[in-house]
There are 2 protein chains.
Amino acid sequence: MTGQVRTVDGRVAGRRGQATRQKLLDCLSEMLSSSPYRDVKVIDVARKAGTSPATFYQYFPDVEGAVLEIAEQMATEGAQLTSLVEGRTWVGKSGWSAAEELVDGFLEFWRRNDAILRVVDLGAAEGDKRFYKIRMKILNSVTNSLTESVKELQAKGKVDKDVSPAAMAGSLVAMLAAVASHQKGFQAWGVKQAELKPNLALLVHLGITGKKPTR
Amino acid sequence: MTGQVRTVDGRVAGRRGQATRQKLLDCLSEMLSSSPYRDVKVIDVARKAGTSPATFYQYFPDVEGAVLEIAEQMATEGAQLTSLVEGRTWVGKSGWSAAEELVDGFLEFWRRNDAILRVVDLGAAEGDKRFYKIRMKILNSVTNSLTESVKELQAKGKVDKDVSPAAMAGSLVAMLAAVASHQKGFQAWGVKQAELKPNLALLVHLGITGKKPTR
DNA sequence: TACTTGTCCTGTCATGCCGTCAGCTTACCG
DNA sequence: CGGTAAGCTGACGGCATGACAGGACAAGTA
């Protein structure tokens, strides 16, 4: 857990080195949004960064290694998604706005990081534990909070006993992630953002509380 | 729209040729389930099929082209998913079993084709229209049927007017697809299939009818 | 200024996959 | 048996990969 940035061959990276490294990550990031993951080549990233392939291999074992790095950075930022759920109440009007803001925050985060999230999703689905862990890191914060919310409501007798809080929270979060990563698809299919959001919020509210929201 | 199978250079494939072609597709399919999409090489597929790379290029322009072929086959089979929704009623006990069977059928289909569906999902998310179209072909049958169901219920005044049928159906289907493609993930996270299914069914029922099911 | 030290970058090379072509083999038909 | 089209492959130029050794550069030291 040291902050020490190291090259592949063990040297400690200085100021200049870190700048180069970061530039490579930025260029890779950009590349991922403009061309299919399968076609991203080290040589292209290096060229774009105004350096040579050899330099790339000084800092990363391969493309995947660099992608993991970017994903890690994003996951750290993504931890703030918890704030969308934590300390929220799900009753009455504030319940509805909680649902709305959760949906909003989620879609926004996904839109901002869609390229890298696609790759993380693929890696996780393919069974790669490193990607899976990162995906967890992002989703867990939200999922856990939601799980707690459901448990509380259950304890108060406001939600049926036979609902599994973890399964429900997980399903809702998976839905949000899926819809978020196919936002463009929905638009192309004739569903506008404006009508998508309230429907998602409705589903979230229904899932958590089991009741229609009072708006 | 002819059933004529043609090679890249325009010849018509005979019995032997079609067999080879199919063998290549099968090997590619197998390869996709055992190694990351990014690492699937033409030469490996060819070796596995006991033939040479040059032969592969006789039948497919590249790996992606072959993947599209497999996906197309799967999409054709997937059209039968419509039957999970079409002609179903969403009231009373039969409403609950409709939800249950929809979830069941969906998860099962996804489990059977998870490798290829992963790649289709990635392609669609990356904005490739061909993959997007295939994804549509599979999901649309279900989505459209669900959309109709919601519209009918709305017409009868059983569902709020401000629900967008298309957005609701799309979100639910996206959820099912997402959960299906991360089934292993859920298990690793401690959520069992057995508790996942009823929760998904509950969400589907809530989304379509706006009411808790009577079991 | 000249020298030293450690960081940083690149030219180069062996290796391996890509994608194409010419040409050989096989099957079918009159 | 000879012709024709299908089917397959060896071989090749081209390009990405990944490793290494050595040169460029900045910063500190005498």
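Side-chain atoms are counted along with the backbone in the values below, which use heavy atoms only and exclude waters and symmetry mates. Naming: A, B, ... by sequence-line order, numbering from 1 per chain.
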Margin query: Over all strands shown, is B/Y59 touching base, sugar-phosphate only, or nothing at heavy-atom distances under 4.0 angstrom?
Written below: sugar-phosphate

Check: What pairs with A/N113 under side chain to side chain donor-acceptor pair (under 3.5 Å), at least two apart in sequence or on another chain?
Finding: none

Checklist line | Boundaries of the DNA chain D segment in contact with chain B, non-hydrogen, under 4.0 Å | finding: D/dA6 to D/dG10

Checklist line | Pairing residues for A/K151 by the side chain to side chain contact (heavy atoms under 4.5 Å, CB included) criterion, not counting sequence neighbours | finding: A/T147, A/E148, A/P165

Next item on the list: Would you mind listing every side chain to side chain donor-acceptor pair (under 3.5 Å) that reaches into residues 26-36 of chain B, with sequence neighbours excluded?
Entry: B/Q22-B/D26

Notebook entry, point to check: Contact class for A/T20 vs. all strands (heavy atom < 4.0 Å): base, sugar-phosphate, or nothing?
Noted result: sugar-phosphate

Notebook entry, point to check: Excluding sequence neighbours, so at least two apart, what forms side chain to side chain donor-acceptor pair (under 3.5 Å) with A/T51?
Noted result: A/T55

Taking only N/O atoms, report every protein-nucleotides 25-27 of chain C pair under 3.5 Å with atom names and distance.
none

Show me the side-chain donor-acceptor pairs of residues 173-180 of chain B shorter than 3.5 Å, one per line, residues at least two apart or across chains.
none

Note to self: Test of understanding: with side chain to side chain donor-acceptor pair (under 3.5 Å), list the residues that count as partners of B/E101, not counting sequence neighbours.
What the structure shows: B/R88

Notebook entry, point to check: For B/D39, what residues pass the side chain to side chain contact (heavy atoms under 4.5 Å, CB included) criterion, not counting sequence neighbours?
Noted result: B/P36

Show me the donor-acceptor pairs, under 3.5 Å and distance only, between side chains in residues 60-78 of chain B and residues at least two apart or in other chains.
| residue | atom | partner | partner atom | Å |
| --- | --- | --- | --- | --- |
| B/D62 | OD1 | B/E64 | N | 3.4 |
| B/D62 | OD1 | B/G65 | N | 2.8 |
| B/E64 | OE1 | B/R130 | NH2 | 2.4 |
| B/E69 | OE2 | B/R21 | NH2 | 2.5 |
| B/T76 | OG1 | B/E72 | O | 3.0 |

Got a list of side-chain donor-acceptor pairs under 3.5 Å for residues 5-13 of chain B, not counting sequence neighbours?
| residue | atom | partner | partner atom | Å |
| --- | --- | --- | --- | --- |
| B/R6 | NH1 | B/G10 | O | 2.5 |
| B/T7 | OG1 | B/D9 | OD1 | 2.7 |
| B/T7 | OG1 | B/R11 | N | 3.0 |
| B/T7 | OG1 | B/R11 | O | 3.3 |
| B/D9 | OD2 | B/R11 | NH1 | 2.9 |

Got a list of protein N/O to nucleotides 11-17 of chain C N/O distances below 3.5 Å?
none

